[in-house]
Amino acid sequence: MPHTAGHTSAHDCFHCGQEIAADADFHSPLGGETRDFCCFACQSVCEAIYQADLQGYYQRTPQGTLLAPPPTPPRDIEMYDLDEVQEDFVQSKGAVSDTHLLIEGIHCAACVWLIERSMMRLPGVHTANVNLAGKRLHLRWDNSRLKLSAVIHELSKIGYSGIPYDPEAAEGAMKRTNRALLFRLFFAGFAMMNLNLIAIALYSGADRGEFVNFFHWMACALATPTLLYSGFPFYKGAWSGLRNARLTMDLPIAIGLSVTYAYSLYVTLGGAGAVYFDTVTNLTFVILIGRYLEGMYRHQAVAATNRLMDLQPRVASVLREGEERIVSVRAVQIGERVVVKPGNKVPMDGIVCEGHSSVDESMLSGESLPVRKHVGDHVAAGTINGSGALVIEVRAAAQDSMLSKIIRLVEEAQSSKAPIQRIADTIVPWFVMATLICAGITFFLWSEHFEVALMAATSVLIITCPCALGMATPMSIAVASGLGARHGILVKNGVVLETLSKVTHFVFDKTGTLTEGKMRVEHLVLAQAQDEAEALALAAGVERYSEHSVAQAIVRVADERDLPYRKIEVTGFHATPGAGVEAAHEGKAVLIGTADWLAKRGVRLEAALLLSLGELEQQAKTCVHLALGDQHLAVIVLADTLRADAQGLIDSLREAGIGMTLLSGDRKAVAEAIAHQLGGMEVIAEVLPQDKDSVIQQLQQQGKIVAMVGDGVNDAPALIRADVGIALGSGTDVSVESADIVLMQNELDKVRLATQLSRRTLRTIKQNISLSFVYNAIMVPLAMMARVTPLTAAITMPLSSLLVIGNAARIRNLFKEKSQ
């Protein structure tokens with residue numbers, strides 16, 4: 001058995017555990033003792049670990065693990081500090097940068113511990129999380145305080161090589177792993193076929209002839225390399241779990257194979273009984289087939305990310321100096337113009353500046369019908385152009401495109417853990433322990449018949465399948481998040497899916513959520529002797545500095561009437577959220593807002609203008625008051641329309657028994673009129689944006705699980721406060737920071753689909769966990785009763801995992817069922 005780092009013999013390297021060559025002369029006094037090393041790299045790494053006071057790494061690296069010497073650090077790491085290079089793999093928000101590094105040299109959980117703690121000691125590092133399975137380091141750091149090359153250099157000092165994560169490289173690594181598994185599978189299959197011929201001879205009477213020893217040794221010669229080579233993944237997985245103080249499903253398999261082989265070897269060496277070398281190879285071959293099929297189906301089930309990556313074009317046709325040039329999308333600058341010919345994919349997010357066409361956005365939004373695009377319309381990377389040619393002005397770099405944001409969200413969701421998964425992860429080790437106990441009990445019960453006891457105990461070890469229990473949740477979440485992404489529903493993590501399925505109360509913002517958010521001016525109610533055109537021009541002259549939907553409606557109607565509002569000089573523009581806007585014109589204050597706000601500012605409200613307000617607000621009309629100085633000039637009456645799918649969503653939630661609240665900063669009468677049109681719900685109106693989160697908090701204090709649906713911009717505090725925040729995105733501004741779920745299109749029906757997706761996902765998780773328990777509850781007793789052979793156990797064990805994977809894959813049919 002090779003030695004482990006930190007537990008070496010006198011002739012092995014203290015760091016990597018490998019044998020020290022006779023001519024090697026590398027020593028360092030560390031920890032009060034002189035340590036010997038096989039090379040300068042191991043010596044340097046170990047010194048760096050001790051200098052950082054991280055020698056606990058060696059206590060966490062278990063006995064029996066042979067590490068490799070530190071990998072060669074990447075060359076020219078300073079180039080990763082260049083902004084133009086970082087554009088390809090670093091996302092920056094102010095001074096905070098975010099990236100993934102692919103780490104070479106990771107062996108075990110001790111490596112994860114060492115890397116994370118070493119990185120967190122660097123000045124400027126905010127978070128450092130290592131994914132052991134993917135060998136990836138997710139790093140967030142302050143780029144103004146710490147260079148990326150310094151991070152990579154620090155990784156090299158402690159024995160690891162880090163390079164920017166490349167999905168294609170990761171895909172290549174996965175293919176190499178699958179290819180290695182196939183080699184082991186083919187080797188086991190070859191040995192199994194030959195051993196079965198020997199087994200037929202032995203079962204036909206050769207076990208009583210003079211050649212019995214010859215057949216036994218031939219079988220041993222075939223089974224031994226099969227166990228060592230093809231069975232290596234089981235032993236590696238079992239030992240990896242043990243050294244991390246965790247029981248894994250590989251442990252009972254390794255024990256079963258080892259005991260069966262050891263007994264057969266005992267018989268071959270002269271003991272009495274039958275050999276079971278054929279059982280060893282058959283078990284190895286069948287279980288490897290199951291592992292390979294699991295990996296293949298698992299990859300297919302979670303391939304949404306790869307399919308999304310395939311949408312991103314690699315090159316773009318850029319207009320430079322009047323000519324089209326084919327360049328990499330990574331080299332295209334914001335502001336440049338790209339040509340998209342009919343049938344080609346849109347390479348970058350941008351605005352159409354020439355041409356018109358229909359664009360297929362189904363892969364991003366789930367909308368099957370092509371969308372007409374004209375000059376001024378937004379287009380997204382990865383969508384497919386129709387029959388017309390388009391010239392697009394690039395508005396976002398490749399790594400900041402909507403497609404890239406979707407990919408990052410899907411990756412984060414698929415790697416996250418829901419609470420129910422953490423429970424399952426806790427159960428699995430105890431499940432394995434129960435398996436070992438059952439196997440021991442089985443052997444004891446049948447101990448009078450040793451061979452029966454051996455085969456029955458081996459069947460118990462092989463037939464139990466905690467892997468199905470372990471995969472029940474992550475497979476379901478991975479499939480659900482990928483499906484949602486393809487239909488324009490971006491889920492941030494697995495916790496969200498589980499929480500959304502339990503929501504008891506929905507809170508809706510009014511403007512831009514339940515309504516279209518496109519206000520229009522219906523008419524003006526004027527004070528005596530006031531001119532409508534002059535009043536409207538004055539209002540537009542002030543509102544042109546605001547981005548509020550009311551302001552846009554006033555400016556739009558002024559443009560339609562060709563009013564000269566841009567010639568009106570105003571100064572000192574200021575907006576008061578939830579109240580109104582003000583500015584100065586010819587030495588007088590211009591106020592546009594609510595009646596109460598105007599009154600507080602000293603405006604004498606005209607009784608004639610207030611007479612019809614109640615009736616208008618009951619009709620869901622929004623009334624904005626205009627004043628010049630202290631004179632009340634007019635009331636601007638605006639209207640918004642309900643979204644076409646708002647009624648359907650509200651009806652479906654009401655049928656499900658879910659409570660609802662309409663939360664609005666608008667007048668109470670207007671909000672109540674909207675609620676009445678939708679069939680009635682609780683109304684909380686005249687709430688300032690900064691106070692909306694306190695309303696959510698009050699509902700939560702009442703024991704309700706709250707989902708907030710808003711526009712993702714003005715409602716950010718409330719979206720963060722809610723148990724689940726759902727933002728309706730326009731496709732150009734995906735508010736991933738404040739919302740847990742982002743709907744790529746302004747379709748309320750996606751809220752209903754997201755709710756159904758969450759419920760189907762949680763139901764599937766529970767089904768998978770139940771399937772796992774039912775399978776084991778039936779098969780384990782049969783194995784203990786010696787009713788199941790080890791080969792049958794090896795066949796049925798992976799079938800339970802495949803059943804869990806297949807059931808999770810059924811989630812993909814959800815939206816197909818809804819469309820039928």
Side-chain angles (χ1 to χ4, degrees), residues 87-88 167-168 303-410 482-490 728-734 736 742-747 749-750 815-816 819:
E87 287 179 358
D88 294 340
E168 294 181 1
T305 306
N306 293 333
R307 286 194 292 269
L308 288 171
M309 289 179 178
D310 292 339
L311 290 177
Q312 176 65 62
R314 299 291 187 266
V315 297
S317 181
V318 184
L319 290 174
R320 291 179 178 172
E321 299 177 357
E323 298 181 0
E324 291 186 28
R325 298 184 182 180
I326 305 298
V327 300
S328 168
V329 292
R330 296 179 177 180
V332 179
Q333 302 295 318
I334 296 176
E336 288 192 299
R337 295 190 172 192
V338 298
V339 177
V340 186
K341 296 179 180 178
N344 289 351
K345 291 181 180 179
V346 177
M348 315 279 285
D349 283 10
I351 300 295
V352 177
C353 53
E354 293 182 27
H356 57 87
S357 182
S358 294
V359 175
D360 182 359
E361 298 181 340
S362 59
M363 291 301 292
L364 291 181
S365 66
E367 177 58 50
S368 58
L369 296 176
V371 180
R372 294 292 300 175
K373 298 292 183 180
H374 301 86
V375 174
D377 290 339
H378 178 269
V379 289
T383 55
I384 302 174
N385 186 24
S387 58
L390 298 174
V391 177
I392 298 168
E393 181 179 327
V394 176
R395 292 296 178 88
Q399 67 271 18
D400 295 325
S401 68
M402 181 171 62
L403 179 60
S404 296
K405 292 177 181 178
I406 293 173
I407 292 172
R408 286 197 294 273
L409 276 177
V410 174
L483 175 67
R486 292 200 304 276
H487 288 80
I489 303 170
L490 302 186
L728 275 70
S730 63
T732 58
D733 180 20
V734 183
V736 296
V742 179
L743 309 181
M744 295 306 297
Q745 291 184 329
N746 285 326
E747 296 180 5
D749 191 55
K750 300 286 188 185
F815 295 150
K816 294 179 183 177
S819 62

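As the structure is a computational prediction, the values presented were derived from the model and not from experiment. Numbering starts at 1 and runs along the sequence shown.
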Q: Considering all heavy atoms of both residues, which atom of V332 and which atom of R320 are nearest to each other, and what is their separation?
A: CA-NH2, 4.3 Å
Q: Using modelled atom types and a 3.5 Å cut-off, is there a donor and acceptor pairing between side-chain atoms of K373 and backbone atoms of H378?
A: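 Such a contact is found between K373 side chain and H378 backbone.
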Q: Walk me through whether V391 and L319 qualify under side chain to side chain contact (heavy atoms under 4.5 Å, CB included).
A: CA-CA 9 Å; V391 177; L319 290 174; 4.1 Å; yes
Q: As an exercise, state the distance from CZ of R337 to CD1 of I351, rounded to the nearest 0.5 Å.
A: 11.5 Å
Q: Could you tell me which non-hydrogen atom of V394 sits nearest to which non-hydrogen atom of Q333, and how far apart they are?
A: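 Heavy-atom minimum between the residues: CB-O, 3.9 Å.
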Q: What closest approach, in Å, do K750 and I489 show between heavy atoms, and which atom pair accounts for it?
A: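 So the minimum-distance heavy-atom pair works out to O-CD1, 3.9 Å.
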Q: For a quick test of reading the model, state the closest non-hydrogen atom pair linking R372 to D377 and the distance between them.
A: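 Of all heavy-atom pairs spanning R372 and D377, the closest is O-OD2, 3.9 Å.
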Q: Distance check, rounded to the nearest 0.5 Å: E393 atom CD versus I334 atom CD1?
A: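 Going from CD on E393 over to CD1 on I334, the span is 10.5 Å.
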Q: Identify the heavy atoms of P347 and V338 that sit nearest to each other, and give their distance.
A: CG-CG2, 4.1 Å
Q: Between NE2 of H374 and OG of S357, what distance do you get to the nearest 0.5 Å?
A: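 Going from NE2 on H374 over to OG on S357, the span is 9.5 Å.
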Q: Taking atom NZ of K341 and atom OG of S317, what is their separation to the nearest 0.5 Å?
A: 5.5 Å
Q: Do you know the tightest heavy-atom contact between D349 and A380?
A: OD1-CA, 3.3 Å
Q: What distance do T383 atom OG1 and N344 atom CG have between them, rounded to the nearest 0.5 Å?
A: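 Rounded to the nearest 0.5 Å, the OG1-CG separation comes to 11.5 Å.
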